[in-house]
Amino acid sequence: QVQLVESGGGLVQAGGSLRLSCAASGGTFSSYALGWFRQAPGKERDFVAAISSRGESTDYADSVKGRFTISRDNAKNTFYLQMNSLKPEDTAVYYCAAVIRITFARAVNSYNYWGQGTQVTVSS
């Protein structure tokens, strides 16, 4: 129903910043709660950040709270993850995700639409 394409990954030094984007097509964008997840090699996919369908509520993993910001632009059918003060442990493949619901969600299994993933590498 909705297709997600993410971009913005790359290599950055520790302490630097990066902004990931996820463009959605199909469906009604404002009906979807959205999330960002990450997966390091050999590990499970972990929750990073989420935002409600209207954008009024957000949620963050403790490990990124105060450093990362999730936002959405319903007029552009796009949402973002602004990452500041990056650390080597932030290195992972980052995925954007969507689900038709009002409130945000933390669980991987709550989402049924996923982007292709983009690599973020933070060097020390």
Side-chain angles (χ1 to χ4, degrees):
Q1 190 171 2
V2 64
Q3 292 77 49
L4 305 176
V5 179
E6 58 195 292
S7 61
L11 176 65
V12 64
Q13 293 184 355
S17 297
L18 208 59
R19 188 171 85 153
L20 306 183
S21 299
C22 187
S25 60
T28 302
F29 186 71
S30 60
S31 296
Y32 291 85
L34 308 166
W36 288 96
F37 294 79
R38 65 189 182 187
Q39 187 168 21
K43 296 186 177 181
E44 294 185 346
R45 192 167 299 186
D46 291 329
F47 169 76
V48 175
I51 190 167
S52 60
S53 61
R54 297 179 183 88
E56 77 276 22
S57 300
T58 57
D59 192 30
Y60 298 92
D62 288 343
S63 59
V64 307
K65 197 171 298 181
R67 299 188 298 121
F68 291 10
T69 303
I70 186 171
S71 61
R72 66 189 296 161
D73 187 340
N74 285 358
K76 295 182 178 180
N77 289 356
T78 303
F79 64 109
Y80 309 93
L81 184 68
Q82 178 67 48
M83 303 183 291
N84 298 327
S85 301
L86 283 162
K87 305 174 181 179
E89 51 263 45
D90 295 320
T91 296
V93 176
Y94 283 70
Y95 298 88
C96 59
V99 61
I100 299 177
R101 61 184 285 163
I102 295 173
T103 55
F104 56 71
R106 286 174 169 259
V108 168
N109 290 341
S110 294
Y111 296 86
N112 53 0
Y113 301 102
W114 293 86
Q116 80 282 5
T118 185
Q119 178 71 47
V120 172
T121 302
V122 184
S123 63
S124 60

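- Checked by atom type and distance alone, the side chain of Thr91 pairs as donor or acceptor with a backbone atom of Val122 at under 3.5 Å.
- Between Tyr60 and Ala49, the shortest heavy-atom distance links the atoms CD2-CB, 3.6 Å.
- In this structure, the ring of Trp36 has its center less than 6.0 angstrom from the ring center of Phe79.
- For Trp114 and Phe37, the ring centers are positioned less than 6.0 Å apart.
- Within 6.0 Å of the CD1 atom in Ile102, the count of heavy atoms belonging to other residues, nucleotides or ligands does not exceed 12.
- The two atoms that bring Gln116 and Leu4 nearest to each other are OE1-O, 3.9 Å, heavy atoms only.
- Checking Thr78 against Asp73 by side-chain atom types alone, no donor-acceptor pair falls below 3.5 Å.
- Side-chain atoms of Glu6 come within 3.5 Å of backbone atoms of Gly117 as a donor-acceptor pair (strictly under, hydrogens ignored).
- Of all heavy-atom pairs spanning Ser124 and Pro88, the tightest one is CB-CG, 3.8 Å.
- Separation of atoms CZ (Phe68) and CG (Leu81) is listed at 6.0 Å; rounding is to 0.5 Å.
- Here the straight-line distance linking atom CG of Asp90 with atom OG1 of Thr121 works out to 11.0 Å at 0.5 Å rounding.
- One finds a salt bridge joining Asp62 and Lys65 here, because a Lys/Arg side-chain nitrogen approaches an Asp/Glu carboxylate oxygen to under 4.0 Å.
- Heavy atoms from other residues, nucleotides or ligands lying under 6.0 Å from CZ of Arg101 number more than 12.
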Arg19 vs Ser17, test: side chain to side chain donor-acceptor pair (under 3.5 Å). Steps then yes/no. CA-CA 7 Å; Arg19 188 171 85 153; Ser17 297; over 6 Å; no

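- If you chain together hydrophobic residues whose side chains sit under 4.5 Å apart, Ile70 and Tyr113 fall into the same group.
- If you take CD1 on Ile51 and CG on Asp59, they are separated by 11.0 Å, rounding to the nearest 0.5 Å.
- The environment of Gln13 atom CD is sparse: at most 12 non-hydrogen atoms of other residues, nucleotides or ligands sit within 6.0 angstrom.
- Taking every heavy atom of both residues into account, Leu11 and Ser123 meet most closely at CD1-CB, 4.3 Å.
- Residues Tyr94 and Arg38 have side chains that bring a donor and an acceptor to within less than 3.5 angstrom of each other.
- Checking side-chain atoms of Arg72 against main-chain N and O of Ser52 turns up a donor-acceptor pair under 3.5 Å.
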